[in-house]
Amino acid sequence: SAYLGLSVARESGGLVITKLTPGGPAAQAGLLVGDRIQSVVRGKQNAPIVTKRDLASALKAAGQGTEVVFVIVRDAVVERVPVMLGRRRR
């Protein structure tokens, strides 16, 4: 399955990154603790992210080794962060 290396918590208005795995795909891409995930974009598909299930579904649809764009809110500014999905280590 696709691997990001982050933990999230649901807060009002969506999912917020609470923890990053050092060296993981999310950290390498520049995502930060406190970023609020709005959506995940893959090609022309824009998947709104409200719940952990939404995030899991978007990652499963994309698959490992795929680049997706996380649309996040950081310090009240919307940013687009490309992330290469990794492979979960066993």
Side-chain angles (χ1 to χ4, degrees):
S1 62
Y3 173 67
L4 268 177
L6 57 73
S7 297
V8 293
R10 185 158 183 201
E11 295 184 5
S12 60
L15 290 185
V16 174
I17 298 173
T18 57
K19 185 177 174 185
L20 291 165
T21 302
Q28 288 182 342
L31 290 172
L32 300 174
V33 169
D35 287 347
R36 186 176 304 277
I37 302 168
Q38 300 292 294
S39 64
V40 174
V41 179
R42 178 176 57 99
K44 294 182 179 176
Q45 294 185 313
N46 184 14
I49 306 297
V50 178
T51 65
K52 291 180 181 183
R53 183 176 286 174
D54 293 340
L55 181 58
S57 295
L59 298 180
K60 186 176 180 182
Q64 59 195 22
T66 302
E67 186 177 86
V68 296
V69 175
F70 273 69
V71 179
I72 56 133
V73 176
R74 179 184 295 161
D75 299 326
V77 177
V78 176
E79 297 189 29
R80 297 170 65 89
V81 181
V83 180
M84 181 65 70
L85 299 179
R87 175 174 291 149
R88 186 175 296 282
R89 295 188 191 100
R90 300 232 176 257

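Computation of the quantities below employed the complete heavy-atom set of this structure, encompassing side-chain atoms and omitting hydrogens, waters and symmetry-equivalent molecules.
Residue K60 holds its NZ atom at 13.5 Å from CG of L55, rounded to the nearest 0.5 Å. Atom CG of L31 is separated from atom CD1 of I37 by 7.0 Å, given to the nearest 0.5 angstrom.
The shortest distance between side-chain heavy atoms of L59 and L4 falls below 4.5 Å. In this structure, the side chains of V40 and V69 stay at 4.5 Å or more apart for every pair of heavy atoms. In this structure, P25 and M84 have side chains that are not in contact, with every pair of non-hydrogen atoms separated by 4.5 Å or more.
The two residues V68 and A62 come nearest to each other via the heavy atoms CG1-CB, 3.7 Å. For A27 against T21, the heavy-atom pair with the smallest separation is CB-O, 3.6 Å. The minimum heavy-atom distance linking V16 with E11 is given by the pair CG2-OE1, 3.5 Å.
The salt bridge (charged side-chain N to carboxylate O under 4.0 Å, His left out) check on R74 picks up D35, E79, with sequence neighbours excluded. The side-chain hydrogen bond (donor to acceptor under 3.5 Å, both in side chains) check on R42 picks up Q45, with sequence neighbours excluded.
A donor-acceptor pair under 3.5 Å is formed between the side chain of T18 and the backbone N or O of S7. A distance-only check finds a donor-acceptor pair linking the side chain of Q28 to the backbone of G23 [under 3.5 Å].
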